[in-house]
Amino acid sequence: MYQDPLQSRLTPALVEAFQVLFEASVDPERIAFQATRPEFEGDLTVNVFPFLKVSGRGPEQTAQALGEHLQEHVSEVERFNVIKGFLNLVIADAYWIEYARQALERDILAFPATGSKVMVEYASPNTNKPLHLGHLRNIFLGYSVSRILEAAGHEVVKVQVINDRGIHICKSMLAWQRFGKGETPESSGIKGDKLVGKYYVEFDKALKAEVEDLVAKGSDREKAEKEAPILLAAQDMLRKWEAGDPEVKALWEKMNGWVYFGFEATYRRAGVDFDRNYFESETYVLGKQDVLEGLKKGVFYEKDGAVWVDNTAEGLDEKVLLRSDGTSVYMTQDIGTAIKRFEEYPGLSQLIYTVGNEQDYHFKVLFIILKKLGFPWADGLHHLSYGMVDLPSGKMKSREGTVVDADDLIDEVVQEARRTGEQLSKLDAFSTDEKDELFEMIGLAALKYYLLKVDPKKRMLFDPAASIDLQGHTGPFIQYTYARIQSVLRKAGSWTAQPLNVPLVAEELLVLKQLHQLPSALHEAAAKLDPSAIANQTYELVKAYNTMYQVLPIAKEEDTARRVFRLGLSKAVADAVRKAMWCLGIEVPERM
RNA sequence: GGCCCCAUAGUUCAAUGGAUAGAAUAGGAGUUUCCUAAACUCUAGAUCCAGGUUCGAUUCCUGGUGGGGCUACCA
């Protein structure tokens, strides 16, 4: 379990106290600290209820005895008070002042290198449609987790899977061939992924028309939906693709090229990148051999000519891995791709799949299979499962046209940032380019923070109005605080940090306590693959800072020692905020 | 049908089994001759229901209600 410096100082002292006072040995893991509630005096609280059996005394007596021991033996503990079973410890100012000094000198959000290498997969788009809001949660989440793991000392490999083959892209290709009249992104001015998406919709329209036509002619609807000529033509195209037909391949390459170019533009604007792209067209053949070997080893079994895995002992079902005609299913290629990745990147300790929770079952099965196949790395597989994004109007459904397009959404948040920014008219000194850059930064911060402040596991509601909010618990609020500090530091001119030897005032202490919590939040975020931990603690920190800023003079403080201390604290907060936001994939401006 | 996830102020989100359940937003009241008011202060407002475990349950267990997802020799 991770402990901050204070806790790792106090824990052994408490263990010792139990030994000395009660002749009892307690498991250090069981000693839990919590921040003292603001209505009581103290900084850190130890709850002694769990140890009453060990101490053989009442809660007050136990806490009192422990408190006395700590006060005597731990220099950081200045005094304490006991309320019921709660031992509230007052930590000496010297500790906090020393922490402020350290935070000014080093990056408190950089953990020592662990030597372990982690692969994070965080996008797996199909190439027949542009990216939407759901992809954005996926992308921002995965990117942030990559950065958090990096800050936590791991080496990270960021990858995406591009589903570039299959019936979906053939549908777009066929519709373009029939109705496109040679339209290209250049000729139409339409972004490549949007153009291909347009023909996917065209296909769907044509298919519906054909089905209606067939039904009107007396055909059964279900049958018509399976046998509409345009659908058969698309299936035929897929077969030609698999057979390597040069004409089909050329068209496929051309249209996928448009899509990649479009995706790249969106990724660039969103500020994310990948170290390696996996294309389904290259990986879909993988896995078959591995399944056959598994069959030989008796891990799988054959039934009606198909290869199955039996996971009933694990509480799951049986699942086909190879059809009776020998062809693969999704699971097959995922098995093969995982194996390939561990071959390509020897020594990977973890492979994290950032994929929506509708695939929970799929990954449970995948991981069990790889374990059954005996791969030692199978324990390092992890599904970072995130919840769906709902709209106020309900679920996003591409069929009903209720999806929120990623590019449009980014445009909107940036526009909103512009509207507010122009209104506040604080930016007169900015050039047009500088303004553009700033509004882009603010808009994206609003969007990213909105999506990242929520526990990834949970389904969330995307309220467009709230997502472009720039006030309150938002990314722009954090950016604003950062810019504010930079402004103070600029105005302060040059100064030299020096230790403070007068008591801290309440507002300074609150800021320091929140700053002190930030590394723990990073650790939690890394352990749980949950950016919301660091997002929320960063918010707590800037809130405390703003309160201090409001009530205490900083650059204008007349007492020099206090002045440089507050400047130092301000800079330490700004540095930590910048790094914390970096962990979320969010940039911070020097002015706003 | 089977399996999985979720339920907290009007709304959107927090809360390692611990003290009087925190924020934001919307509502009400204030703060600017002073370092950026995208800020700050005050105010009102919530654990789906019923059992159980525990010194102590929003948290764990069982049942119920409501919502969502998965459950093809489709991709």
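Quick note on labels: first sequence line is chain A, next is B, and so on, each numbered from 1. Here the structure is a predicted model, which is why all the values come from computation and not from measurement. No hydrogens, no waters, no symmetry mates; every other heavy atom, side chains included, goes into these values.
Here Lys426(A) reaches the OP1 or OP2 of A38(B): one of its side-chain N or O atoms lies under 4.0 Å away. Residue Arg37(A) places at least one side-chain N or O under 4.0 Å from the OP1 or OP2 atom of A19(B). Residue Lys453(A) places no side-chain N or O under 4.0 Å from the OP1 or OP2 atom of U12(B). A close approach under 4.0 Å does not occur between any side-chain nitrogen or oxygen of Tyr361(A) and OP1 or OP2 of C70(B).
Within the 4.5 Å cutoff, the side chain of Glu587(A) has no heavy atoms near those of the Leu444(A) side chain. Inter-residue side-chain proximity for Tyr482(A) and Glu590(A) is flagged as met; some heavy-atom pair is nearer than 4.5 Å.
With U41(B), A37(B), U25(B) as the candidates, the nucleotide lying closest to the side chain of Asp469(A) is U25(B). Between A14(B), C40(B), C35(B), one nucleotide has an atom nearer to the side chain of Val454(A) than all others, and that is A14(B). Among U41(B), A38(B), C13(B), the nucleotide with an atom closest to any side-chain atom of Thr547(A) is U41(B). Nearest nucleotide to the side chain of Leu461(A), out of C4(B), C13(B), A14(B): C13(B). Picking from C13(B), U12(B), C35(B) the nucleotide with the shortest atom distance to the side chain of Tyr450(A) gives U12(B). Nearest to the side-chain atoms of Lys458(A) among the listed nucleotides C6(B), C70(B), A39(B) stands C6(B). Ranking C35(B), A19(B), U16(B) by closeness to the Ala32(A) side chain, first place goes to U16(B). Proximity note for Tyr549(A) (side chain, C-beta onward) versus C35(B), A75(B), A14(B): the nearest is C35(B).
Taking atom CD of residue Gln471(A) and atom P of nucleotide A23(B), one finds them 19 Å apart after rounding to whole Å. When the C1' atom of C40(B) is taken as reference, atom CD1 of Ile554(A) falls 13 Å away, rounded to whole Å. Rounded to whole Å, atom P of G18(B) lies 13 Å from atom CZ of Phe51(A). If you take CE of Met331(A) and C1' of C70(B), they are 12 Å apart, rounded to a whole angstrom. Straight-line distance from the NE2 atom of His383(A) to the C1' atom of C4(B): 12 Å, rounded to whole Å. Distance Asn546(A) CG to A37(B) P: 9 Å, rounded to the nearest Å. One can place CG of Asn311(A) at 13 Å from C1' of C3(B), the figure rounded to the nearest angstrom. In this structure, Gln359(A) atom CD and G69(B) atom P are separated by 14 Å, rounded to whole Å.
Within the nucleic acid shown, Pro476(A) has no heavy atom closer than 4.0 Å to any nucleic acid atom. Using a 4.0 Å heavy-atom cutoff across all strands shown, Leu552(A) reaches at least one base atom of the nucleic acid. As judged by a 4.0 angstrom heavy-atom cut-off over every strand, Ala492(A) is placed among residues making no nucleic acid contact. Within 4.0 Å of Lys543(A), counting heavy atoms only, lie sugar-phosphate atoms of the nucleic acid but no base atom. Among the heavy atoms of the strands lying under 4.0 Å from Arg165(A) are primed sugar atoms or P, OP1, OP2 only; no base atom is included. Counting non-hydrogen atoms under 4.0 angstrom, Phe33(A) reaches a base of the nucleic acid. Within 4.0 Å (heavy atoms only), Met592(A) reaches at least one base atom of the nucleic acid. Lys556(A) comes within 4.0 angstrom of a nucleotide base, judged by non-hydrogen atoms across all strands. Thr45(A) comes within 4.0 angstrom of a base, heavy atoms only.
Here Phe477(A) does not pack flat against the base of A38(B), since the 5.5 angstrom centre distance and 30 degree tilt limits are not both met. Between Phe86(A) and A19(B), a base-stacking contact is recorded: ring centres under 5.5 Å apart, planes less than 30° from parallel. Residue ring and nucleobase are stacked for Tyr330(A) and A75(B), with a centre distance beneath 5.5 angstrom and an angle between planes beneath 30°.
Side chain to side chain, Asp334(A) and His362(A) meet the donor-acceptor criterion of an N or O pair below 3.5 Å. A donor atom on one side chain and an acceptor atom on the other are found under 3.5 Å apart for Gln537(A) and Gln514(A). Tyr284(A) and Thr332(A) share no side-chain donor-acceptor pair at under 3.5 Å. Between Asn357(A) and Arg459(A), the side chains place no donor N or O within less than 3.5 Å of an acceptor N or O (distance only, hydrogens not considered).
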Polar pairs (N or O, both sides) under 3.5 Å between protein and nucleotides 53-60 of chain B?
none

What does the list of N/O pairs under 3.5 Å between the protein and nucleotides 72-74 of chain B look like, with a distance for each?
residue: C73(B); atom: O3'; partner: Arg323(A); partner atom: NE; Å: 3.0
residue: C73(B); atom: O2; partner: Ser324(A); partner atom: N; Å: 2.8
residue: C73(B); atom: O2; partner: Ser324(A); partner atom: OG; Å: 2.7
residue: C73(B); atom: N3; partner: Ser324(A); partner atom: OG; Å: 3.1
residue: C73(B); atom: N4; partner: Asp304(A); partner atom: O; Å: 3.3
residue: C74(B); atom: OP2; partner: Arg323(A); partner atom: NE; Å: 3.2
residue: C74(B); atom: O5'; partner: Arg323(A); partner atom: NE; Å: 3.3
residue: C74(B); atom: O3'; partner: Arg323(A); partner atom: NH2; Å: 3.1

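Within 3.5 Å, a donor on the side chain of Asn88(A) pairs with an acceptor on the base of A19(B), or the reverse. Donor-acceptor pairing under 3.5 Å, judged by distance alone, is absent between the side chain of Thr474(A) and the base of A24(B).
Within 6.0 Å of CZ on Arg562(A) lie more than 12 heavy atoms contributed by other residues, nucleotides or ligands. Surrounding CD of Glu437(A) are at most 12 heavy atoms belonging to other residues, nucleotides or ligands under 6.0 Å away. The environment of Lys457(A) atom NZ is sparse: at most 12 non-hydrogen atoms of other residues, nucleotides or ligands sit within 6.0 angstrom.
Comparing A24(B) with A9(B), their C1' atoms sit 12 Å apart, to the nearest whole Å.
With rounding to the nearest 0.5 Å, the separation of CZ in Phe33(A) from OG1 in Thr11(A) is 4.0 Å. Between the CG atom in Leu322(A) and the CG atom in Leu292(A) there is a gap of 5.5 Å [rounded to 0.5 Å].
Between Tyr2(A) and His523(A), the ring-plane angle classifies as parallel under the 30° and 60° cut-offs. Ring-plane geometry between Trp252(A) and Trp241(A) is classed as perpendicular, the angle between the planes exceeding 60 degrees on a 0 to 90 degree scale with a lower cut at 30.
Stem regions annotated for RNA chain B: B:1-7 with B:65-71, B:10-13 with B:22-25, B:27-31 with B:39-43, B:48-52 with B:60-64, counting only runs of 3 or more consecutive pairs of Watson-Crick or G-U type with both contacts under 3.5 Å.
Nearest-nucleotide assignment on RNA chain B puts the 5′-proximal partner with Lys528(A), out of Ala555(A) and Lys528(A). Taking for each of Arg484(A) and His473(A) the nucleotide of RNA chain B with the nearest heavy atom, the 5'-most of the two is the partner of His473(A).
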Q) Where do Ile485(A) and Lys571(A) land on the side chain to side chain contact (heavy atoms under 4.5 Å, CB included) test, with the steps shown first? A) CA-CA 7 Å; Ile485(A) 296 174; Lys571(A) 182 164 187 312; 5.8 Å; no

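When Asp164(A), Ile162(A), Asn128(A) are each tested for a side-chain contact (heavy atoms from CB on, under 4.5 Å) with Asn256(A), only one passes: Asp164(A).
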